[in-house]
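Because only heavy atoms are used, hydrogens play no part in the values below, and waters and symmetry mates are left out as well, while side chains stay in.
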Amino acid sequence: VKFLLEQGLSSQKSGYKKFLPLHYAAKNGSLPCCLLDNAVSVELEHEDHLGNTPLQVAIEYGNLEFCQMLIRKGSSVMHKNHKGWNALHI
């Protein structure tokens, strides 16, 4: 990941299902991958195609350590997805 970032990979460019790289890291529990983003601006509240933020994706996939890191970085637990659910509902 560090190599890709050095080569110009954008942490803000969404792809399939409007996922940012941070959504994929949240889904897969790639905590070390996300920690590289300290040097990169990340949008913690970016919504995927269902309105879920990376925090909501991490919760859905049971990645507790990743959830804790996102909350420490300022991710909102009150952000609502398209169903009106926030992180506490998931």
Side-chain angles (χ1 to χ4, degrees):
V1 171
K2 183 178 180 183
F3 171 78
L4 293 173
L5 290 171
E6 289 170 350
Q7 300 305 310
L9 173 74
S10 172
S11 65
Q12 300 301 316
K13 183 165 176 133
S14 63
Y16 181 67
K17 296 186 179 182
K18 293 179 62 179
F19 268 31
L20 292 178
L22 188 58
H23 283 92
Y24 288 109
K27 179 179 177 182
N28 297 313
S30 302
L31 189 60
C33 170
C34 184
L35 292 177
L36 288 174
D37 278 342
N38 284 333
V40 178
S41 172
V42 294
E43 190 177 338
L44 294 175
E45 304 305 319
H46 179 85
E47 297 180 358
D48 67 9
H49 70 293
L50 299 174
N52 291 318
T53 63
L55 175 61
Q56 291 165 317
V57 171
I59 291 169
E60 181 180 351
Y61 285 89
N63 296 316
L64 178 62
E65 191 175 3
F66 203 94
C67 294
Q68 292 168 332
M69 185 272 309
L70 288 171
I71 291 169
R72 279 194 306 273
K73 288 185 171 277
S75 188
S76 172
V77 297
M78 300 310 291
H79 178 91
K80 292 183 179 179
N81 65 15
H82 295 322
K83 290 183 179 179
W85 293 6
N86 64 32
L88 305 175
H89 294 110
I90 299 171

Is the backbone of [Y] close enough, under 3.5 Å, to the side chain of [X] for a donor and an acceptor to pair up by distance?
X	Y	answer
Gln56	Trp85	yes
Asn63	Ala26	yes
Glu60	Ile90	no

Q: Look up atom CG in Asn86 and atom CE in Met78, then write down how far apart they are to the nearest 0.5 Å.
A: 4.5 Å
Q.
Rounded at 0.5 Å granularity, tell me how far NE2 in His79 sits from CD in Glu47.
A. 3.5 Å
Q) Should Gln68 and Ile71 be marked as a side-chain contact (heavy atoms from CB on, under 4.5 Å) after you check the CA-CA gap, both sets of side-chain angles, and the distance that decides it? A) CA-CA 5 Å; Gln68 292 168 332; Ile71 291 169; 5.9 Å; no
Q. With the 4.5 Å side-chain cut-off for hydrophobic clustering, are Leu64 and Leu44 part of the same group?
A. no
Q. What heavy-atom pair brings Ala87 and Leu55 nearest, and what distance separates the two atoms?
A. CB-CD2, 4.1 Å
(Q) Minimum heavy-atom separation for His46 and Pro54, please, with both atom names. (A) O-CD, 3.5 Å
